Amino acid sequence: MEGVGLSSSNFEKVSSQCLLLRTQLDQVSELKRDAVLALHDLSDLAENLDHTLRPVKEATDDLSRGLANMERALRKTGETVEQMEASRKLQRYIDQGLPRCTTIEVVEDYLENDRVGELEREDNDLDQFREYLLAVEKLEESMKFLDEHFGGVDSPRGVRERSRTRDSLLMAITHCEVEFSNRLMFVSQIEQSIVAETKQANFIATVELREDTIRHRRNTYEEENPNSPSGADGTGSSRKVAYLMKRRKKELRLINMLAEAILNVNTTNASDSIFSSYADVRSTSLEEKIRKMMLRNFPDDFNLQTINMLESEEDALERLLKCPSEKLQNMHWEDIQRHARIWIYYVENTLSQVDHERNFARKIFMYEKDSDTAFALVLKSHFNTIVSHATGISKSRKTPEKVFALLDMLNAWDKEKALTESMLRSDSSSVEAKELAKRTLEMYNLMVNSVRDTYREFTDAVERDAVGQSKGNASGSAQGSKKGGGGVKWTPTKGIKVFMNMDSSPNHSSPSQSSVPENGTIHPLAAYLIQYCRRLQEFPNASKVLSRKSQEGMTPAEDQMVMAKIIVKLLGTLFKNLKIKVQRMSTFDGKTVHAAFGKYPNKMKQELLEQDTQSFTDIFLLNNGNYILRSAEKFKYSDAIDTTGFLKEMKENVRRHTKSYLHKSWRLSVEWLNMISETLEKHQNMNPKLMQGKELAESEKRLKHLLRQFESTWKIRYRTQRAWYVPDPELRQSLKSKLEQYLLPDFVECAAALNAYVEASEQA
């Protein structure tokens, strides 16, 4: 210990302190062990306490949930009792029913007796309407509540209350539907009464006359004509009209409320019923209105062709409008024309009411889809009539005039095309509206294709020169030329048969010898096709319909060019047709040839015959070519036709046939004159003193023979051409001048030489 530097006293102190520390450390460890044991006991105690209190907590939670469920059940019971009580209270409104709609007869009786004020006081049922519809709305809420809370509960009282509430709701909706139909009919009667009072063509024009305008016109007329009877001014009683227009506005508001209430009921039957009722009433009213407008606006020259004296015009119109499509397809052209005109009048009068009906539907139904559905259902029956007639006419027998009838129909329908396209493009359009628009577009395309097929077969018939064939051959060839023609035969009308010389004999298939006019004038087919082209130009839609290359958005110049090409093709085909006609005909039969050329050798007979035939061909083509040229120059699209080079080509044809006619007809006469002049010149150069008598006699004999030949040729030309005719005065004068220029110089020279010879020889 001394070695480490500690004394014994210090060592003992340190040892005692270490011992003390050890003792204290043992005490702390002991305390720690006791604390752990105490905490462990405390944990066991807490765990035991938790196990003891858990059933109490669960019972308390169950009790809280039970209290909450009881509270909700009591609240639902209170609501159920309240709904049931409310449903019973609403029942008196349902049993009382809606205010009944009056009739137009009652209204007119009040107005005629000047009791407008009394009528206005009695007609104050808007508040009752609102109370009733509010009751219906609350009844529907009660029904939904009962379905929600008693739908799957087997409760006798719940089933009974649901059944009673449902019956009340159905009764209320039935009352609304009945009143909806009655008031719709009442509005239609009001419109008819207003039209009758104002003497306007239709209700749309009447609405444009505001109440103040009607009143002002009435007052002005009464001031100028104080002794005039009531209604003599053509506007009727201004007070009556004003009341009816005001009443119509109020009825539309009530109908709108009824429609909204019915459609809010979430049942398919209710929606179908209201649309069906609306369509029945408005469609019937529209049909009656359209027929009255048609009968009033028919032109004087239109005949409805009543079957007998007992049939009225109304019955005849109804019979024609109900004619089925299958019957139309087999009618004669005259009947088809009548139906086409009726179709146009029907479409025009129907389309004049389309905007009004669409606006009317929008006033009744809140949503666009509902208004489109109602609007489509109203027009469905009318468009069925339109589509049926258009289909029958389009599939009827093909005639050239059918093109104009269909173009007229398409022109009338083009005014409505934007409506159908808007119905197809609109996202809000109903299925019924889109189906209606689809049917009308199919009808439009059918008419367009029918026009194109009919026109194509007509031009093909002209191009093939099917003018001398029998009806059977012509129809057979036309049918064979059409791909997928569906068995529809080409059937020309009586007029076109005459123009195209279709022999009525079933066994006659050779070309008709009378297909070319005997006087070489204008062929009836040329006159017909010129008028045909003129009529084509009257239709603004002709180029778009007839040409598949025509496109929307073309400029007027481009449209005119398309139409010009169509006309040029038809006229070019016509001229080729006329060439074929005249080339296959024989101007003279055997007896005529023998009578005219009997004294001549056969070779000369043949030459003269060929000359006359060619001359007739030239004069015929000259007349018709000039007629086509002059007519085309006066066409509406003459500038566009000139751009195609057609007029220049026809001028060249006229010039060529003029030159050919002069050469073929009068070349032989000019040759005879030249031979006579040469013979006279030789005869005059002879010295009579040196010539023997025989030679002089032979020379004179030859001269007389030439003179007789010239005279005979001239007579033959006169005999054959005296019946020929040039109808155009300008062409006739021009041909006369050119003929003089062609003949007169040689004739004058020959006449001068002959006069000199006569004077020299002192003989006639």
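Reckoned from all heavy atoms, side chains included, excluding hydrogens, waters and symmetry mates. What you see is a predicted model, and the numbers here were worked out from it, not measured in a lab.
- The minimum heavy-atom distance between Asn623 and Gly520, with the atom names listed, is ND2-O, 2.7 Å.
- The main-chain N or O of His332 is never found under 3.5 Å from a side-chain atom of Arg397 such that the two would form a donor-acceptor pair.
- Within the 4.5 Å cutoff, the side chain of Val654 has no heavy atoms near those of the Lys651 side chain.
- A heavy-atom distance below 4.5 Å is not found between the side chains of Ile628 and Asn653.
- Here CE of Met443 is found 7.5 Å from OG1 of Thr391. Values are rounded to the nearest 0.5 Å.
- Remark: side-chain polar atoms of Gln560 are not paired, donor with acceptor, to backbone N or O of Tyr637 under 3.5 angstrom.
- For Glu652, the CD atom is densely surrounded, since the number of other residues' heavy atoms within 6.0 Å is greater than 12.
- When the ring-ring contact (aromatic ring centres under 6.0 Å, His included) test is applied to His657, no partner is found at least two apart in sequence or on another chain.
- Side-chain atoms of Asn577 come within 3.5 Å of backbone atoms of Val462 as a donor-acceptor pair (strictly under, hydrogens ignored).
- With rounding to the nearest 0.5 angstrom, the OG1 atom of Thr658 is 8.5 Å from the CG atom of Asp618.
- The backbone N or O of Met331 lies less than 3.5 Å from no partner atom in the side chain of Asp335, so there is not a single donor-acceptor pair.
- Between Ile619 and Leu622, some side-chain heavy-atom pair lies under the 4.5 Å cut-off.
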Quiz item: Can you check side-chain contact (heavy atoms from CB on, under 4.5 Å) on Ile336 and Ile393, steps first, answer last?
Solution: CA-CA 7 Å; Ile336 293 292; Ile393 294 173; 4.2 Å; yes
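- With sequence neighbours left out, Asp728 forms a side-chain contact (heavy atoms from CB on, under 4.5 Å) with Asn626, Arg630, Glu730, Leu731.
- Side-chain contact between Lys398 and Lys402 is present, with heavy atoms from C-beta onward closer than 4.5 Å.
- Between the Asn445 side chain and the Leu441 main chain, a donor and an acceptor come within less than 3.5 Å of each other.
- Counting heavy atoms from C-beta on, the side chains of Met650 and Phe575 come closer than 4.5 Å.
- Residue Ala632 comes nearest to Ser638 through the heavy atom pair O-CB, 3.4 Å, listed as atom of the first residue, atom of the second, then distance.
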Practice problem: Could you give me the CA-CA distance, side-chain angles and deciding distance for Leu320 and His389, then say whether side-chain contact (heavy atoms from CB on, under 4.5 Å) is met? | Solution: CA-CA 10 Å; Leu320 293 173; His389 276 63; 5.7 Å; no
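- Under the ring-ring contact (aromatic ring centres under 6.0 Å, His included) criterion, Tyr532 pairs with Phe404, Phe458, Tyr528, not counting sequence neighbours.
- Under a 3.5 Å cut-off, the side chain of Ser396 and the backbone N or O of Gln329 do not form any donor-acceptor pair.
- Closest approach of Phe616 and Asn519 over heavy atoms only: CE1-C, 4.3 Å.
- Shortest non-hydrogen contact noted between Ser543 and Met563 is N-SD, 3.8 Å.
- Rounded to the nearest 0.5 Å, atoms OH (Tyr345) and OG1 (Thr350) are 14.5 Å apart.
- In this structure, the side chain of Arg452 does not engage the main chain of Leu546 through any donor-acceptor pair within 3.5 Å.
- Of the possible polar contacts, none joining the Ser450 side chain to the Leu446 backbone as a donor-acceptor pair under 3.5 Å is found.
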Quiz prompt | From CA spacing to verdict: side-chain contact (heavy atoms from CB on, under 4.5 Å), Phe646, Ile567 | solution = CA-CA 10 Å; Phe646 176 76; Ile567 294 174; over 6 Å; no
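- The closest side-chain heavy-atom distance from Thr617 to Tyr661 is not below 4.5 Å.
- Between Arg456 and Thr459, the shortest heavy-atom contact is O-OG1, 2.8 Å.
- Remark: Leu525 CG to Leu578 CG distance equals 6.5 Å, nearest 0.5 Å.
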Exercise. Any chance you could lay out the side-chain contact (heavy atoms from CB on, under 4.5 Å) test for Trp413 and Met409, step after step, and finish with the verdict?
Key: CA-CA 6 Å; Trp413 187 254; Met409 294 167 65; over 6 Å; no
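- The shortest heavy-atom contact between Leu407 and Val451 is CD2-CG1, 4.3 Å.
- Within the 4.5 Å cutoff, side-chain heavy atoms of Ile342 are placed close to those of Leu321.
- Annotation: side chain of Lys659 is not in contact with side chain of Arg656 (no heavy-atom distance under 4.5 Å).
- Panel note: side chain Asn411, backbone Asn541; no donor-acceptor pair is recorded below 3.5 Å.
- Here CG of Leu406 is found 9.0 Å from CH2 of Trp343. Values are rounded to the nearest 0.5 Å.
- Rounded to the nearest 0.5 Å, atoms CD1 (Ile566) and CG (Leu536) are 7.5 Å apart.
- Using modelled atom types, one side-chain atom of Thr643 and one backbone atom of Asp639 make a donor-acceptor pair closer than 3.5 Å.
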